[in-house]
There are 2 protein chains.
Amino acid sequence: MDKKVTIYDLAALLKVSPATVSRGLNNHPSISDSTKKRIHTIAKEQGYRTNKFAANLSKQKSNTIGVIVPRLDSYFMSTVLAGIEQVANKVGYNLIISQSLESEEKEKINARTLLNSGVDALLVSLANETKDYEHLKNYTSRKIPLLFFDRVFNLPNCPTILIDNRAAGYEATTHLISQGCSNLLHISGRLNRSVYKERFEGYKEALQAHNIPFDDTNLLETDLDSTKIKTTIEYIKNSNVKIDGLFISSDNYAANCIKELQKQGYQIPRDIKIIGFNNDPVSEIISPNLSTIEYPGHKMGVLAGESIIAHLNGTINLQSTNSILLRHQLLERESTQKTI
Amino acid sequence: MDKKVTIYDLAALLKVSPATVSRGLNNHPSISDSTKKRIHTIAKEQGYRTNKFAANLSKQKSNTIGVIVPRLDSYFMSTVLAGIEQVANKVGYNLIISQSLESEEKEKINARTLLNSGVDALLVSLANETKDYEHLKNYTSRKIPLLFFDRVFNLPNCPTILIDNRAAGYEATTHLISQGCSNLLHISGRLNRSVYKERFEGYKEALQAHNIPFDDTNLLETDLDSTKIKTTIEYIKNSNVKIDGLFISSDNYAANCIKELQKQGYQIPRDIKIIGFNNDPVSEIISPNLSTIEYPGHKMGVLAGESIIAHLNGTINLQSTNSILLRHQLLERESTQKTI
DNA sequence: ATTAGTTATGCAACCGATTGCGTAAAAAAA
DNA sequence: TTTTTTTACGCAATCGGTTGCATAACTAAT
């Protein structure tokens with residue numbers, strides 16, 4: 001009972017043409033309600049399911065959205081994906097998800113694969129490594145909508161969704177300063193990614209605004225990979241001046257730093273005050289609770305999904321909206337508390 | 001310069017038939033090496049990319065694997081997905097991922113959508129709610145391979161990948177007992193999911209093996225949703241006997257319990273020893289470090305991906321392999337340490 | 001009754017690659 | 001040289017919907 005039923009079968013049963021069946025199934029206005037009803041009824045009865053392959057081929061669209069993220073196994077990304085999936089699913093779009101693992105090479109391959117797979121749109125959060133954007137221009141040149149989120153890049157006609165990282169960096173830094181820190185270190189992700197670059201710039205501006213001199217030792221560029229905590233800790237210990245404030249671009253990394261610093265005898269926040277970024281669950285689990293910047297991942301995903309779908313539906317024109325900024329928020333917790 | 005190039009275009013350029021071009025592109029043996037070379041050369045030159053819609057239609061397969069998970073924004077799931085993606089991507093399979101959000105209804109819709117989308121195989125981790133499996137029988141009846149991981153169910157011809165949850169539950173419980181606990185409480189997920197059921201049974205067996213009586217108060221069935229910690233804590237506080245050991249089926253939930261218990265004045269592990277499950281990152285961030293059962297998510301994903309792909313390639317026959325058990329491991333950390 | 005205007009449907013050409021079957025040409029065997 | 005085999009390729013049907021254009025049937029207007 002499970003052979004494939006086609007519109008031809010239905011057409012034969014109803015003694016109408018396949019074209020009529022097709023239109024009926026798609027609620028085309030020029031089909032009478034009565035035959036529409038007959039078509040739908042028999043379709044259900046026969047267990048008809050439209051062959052997407054055929055439909056895709058003739059319509060040249062797939063109802064599928066491609067997503068490329070640096071890694072799937074990051075809490076932040078998984079919340080973004082959950083948001084995207086939720087809205088995509090609701091309106092019947094599928095999501096093809098792939099990860100670049102921070103490799104430009106893999107990102108290129110993924111982009112190509114997704115292009116070949118005929119995705120209707122692409123959502124991208126860039127790999128750390130990526131410096132060249134030709135693989136994405138293939139999309140824009142074919143008029144396939146392309147949207148960046150979080151790890152963005154300014155490509156013509158490609159909207160971006162992110163938070164105001166510069167302002168967030170500024171706020172985080174100012175917060176540290178207002179809590180009494182004067183020898184700050186910013187532990188950043190790769191600066192070729194604008195998210196990190198901008199946080200860093202906010203950091204620098206905040207220092208400047210408070211007349212705190214900045215030099216290269218006040219910045220540590222890392223890839224925020226927890227396996228390399230030791231090096232970071234060494235850097236802090238060997239610093240010429242006694243560092244008393246850390247602004248770390250990732251909660252997860254920050255939490256690991258706290259653990260390790262504590263192991264080395266540091267008291268947080270007494271010796272060093274620390275603020276992270278993202279409001280990852282670990283920030284509330286760690287002792288002391290980690291001050292951080294709330295980064296609304298799920299909301300970002302929802303917005304990214306909604307935007308791209310609205311654009312595909314022609315409801316809005318993304319080209320005109322070039323950049324959507326989400327609201328972030330400073331969360332003051334124990335790790336930056338003043339100690340007497 | 002970016003109109004679509006088809007095999008017909010190439011055929012015209014080379015003055016051969018489209019069939020030859022198709023075969024040449026696919027390295028069919030009956031095409032001479034010389035023409036193959038010519039075909040590949042001109043294909044590259046013209047920027048030809050095969051139209052997957054057409055290829056899918058005629059081959060009736062999509063090179064796509066569907067995945068349904070309860071939620072995307074869980075650390076464990078994201079590691080599994082990362083594993084699946086890694087192997088799928090390597091061999092050119094796409095992944096369509098959707099989440100059921102623990103709803104049977106959504107799971108059904110997702111299953112149907114993926115079926116319509118023509119996935120070549122389906123990987124499923126069941127929603128808590130799911131009690132009926134008709135939506136999955138659609139796959140088996142069409143000979144579309146179906147594999148369960150983690151939240152499994154025993155469906156004919158559907159292999160499962162998981163750990164030995166009963167043994168893990170037994171070990172976790174035994175560990176608590178050996179650390180001196182005698183009034184245990186198991187905080188479980190929904191028992192209609194076999195993962196939780198089996199952990200619970202391992203727990204019961206361990207109690208029995210150590211002559212510790214079990215009654216219903218020694219079990220708290222929850223949905224392991226962190227927003228409902230309070231209720232759980234109340235349960236512990238209001239217990240008639242003083243609970244001194246907790247076996248919690250989720251690290252994340254366990255970590256939140258620890259925080260809350262500490263807030264209420266409990267000392268961990270002095271007053272209550274706690275063991276979690278999963279070896280989530282939070283387990284090493286929380287103070288005290290959480291003892292737990294290592295659950296190899298990434299490995300599970302890799303294995304699930306490899307299995308299903310090998311089966312699709314005809315390399316192995318999954319029907320014969322009915323169940324793959326991954327090795328778990330008890331990790332003894334601070335939260336179950338003996339106190340003097 | 002005739003013309004104009006609707007409405008409901010069918011025809012047939014796509015969409016682009018795949019593949020079973022047939023055959024000309026070239027190589028090998030007789 | 002003739003026959004048999006092999007090699008290399010082309011023909012044409014197929015996969016299952018979609019859609020522009022034509023048309024028959026019916027209603028409304030003149």
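Below, chain A is the first sequence line, B the second, and so on; all start at residue 1. Every heavy atom of this structure was used, including side-chain atoms; hydrogens, water molecules and symmetry mates were not.
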Quiz item: Have A/Asp73 and B/Thr79 got a donor and an acceptor in their side chains that come within less than 3.5 Å?
Solution: no
Quiz item: What's the spacing between B/Ile163 CD1 and B/Ile324 CD1 if we round to 0.5 Å?
Solution: 14.5 Å
Quiz item: Does anything in residues 20-34 of chain B reach DNA chain C, meaning a heavy atom under 4.0 Å, and if so which residues?
Solution: B/Ser22, B/Arg23, B/Asn26
Quiz prompt | Main-chain N/O of A/Asn128 paired with A/Glu102 side-chain donor or acceptor, under 3.5 Å | solution = yes
Can you name the atoms? Protein N/O to nucleotides 12-16 of chain D N/O, anything below 3.5 Å, with the distance.
{"unit_1": "D/dC15", "atom_1": "O3'", "unit_2": "B/Gln60", "atom_2": "NE2", "d": "3.0"}
{"unit_1": "D/dG16", "atom_1": "N2", "unit_2": "A/Ala54", "atom_2": "O", "d": "3.3"}

Quiz prompt | Partners meeting side chain to side chain contact (heavy atoms under 4.5 Å, CB included) with A/Asp132 (sequence neighbours left out) | solution = A/Glu104, A/Lys108, A/Glu134
Quiz item: Less than 4.5 Å apart, any side-chain heavy atom of B/Leu155 and any of B/Leu136?
Solution: yes
Practice problem: Before giving the answer on side chain to side chain donor-acceptor pair (under 3.5 Å), spell out for B/Ser117 and A/Asn94 the whole-Å C-alpha distance, their side-chain angles and the decisive distance to 0.1 Å. | Solution: CA-CA 8 Å; B/Ser117 303; A/Asn94 279 327; 2.6 Å; yes
Self-check item: Parallel, tilted or perpendicular: rings of B/Phe153 and B/Phe148 (30°, 60°)
Solution: perpendicular
Quiz item: How far does NE2 of A/His135 sit from CD1 of A/Ile68, to the nearest 0.5 angstrom?
Solution: 6.5 Å
Exercise. Return one dot-bracket line describing DNA chain C 5' to 3' (Watson-Crick or G-U wobble pairs, both distances under 3.5 Å; ( ) same strand, [ ] crossing, | another strand, . none).
Key: ||.||||||||||||||||||||||||.||
Exercise. Report which part of the nucleic acid A/Lys15 touches: base, sugar-phosphate, or nothing (heavy-atom distance under 4.0 Å, all strands).
Key: sugar-phosphate
Self-check item: Atom-to-atom span, NZ of B/Lys37 to P of D/dA8 - whole angstrom
Solution: 13 Å
Quiz item: Sequence neighbours excluded, which residues qualify as ring pair (Phe, Tyr, Trp, His ring centres under 6.0 Å) partners of B/Phe76?
Solution: B/Tyr295
Practice problem: Using distance alone, with no hydrogens and no angle criterion, decide if A/Ser62 and A/Asn56 have a side-chain donor and acceptor under 3.5 Å apart. | Solution: no
Quiz item: 5' to 3' on DNA chain C, which nucleotides open and close the contacts with chain B (atom under 4.0 Å from a heavy atom)?
Solution: C/dG16 to C/dG20
Quiz item: With distance as the sole criterion, is a donor-acceptor pair present between the side chains of A/Asn110 and B/Asn89 under 3.5 Å?
Solution: yes
Practice problem: Report yes if some heavy atom in the side chain of B/Leu146 is under 4.5 Å from a heavy atom in the side chain of B/Asn157; otherwise report no. | Solution: no
Quiz item: Do you see a donor-acceptor pair shorter than 3.5 Å between the side chains of B/Ser100 and B/Ser103?
Solution: no
Exercise. Check the distance between D/dT18's C1' and A/Asn63's CG and give it to me in whole angstrom.
Key: 15 Å
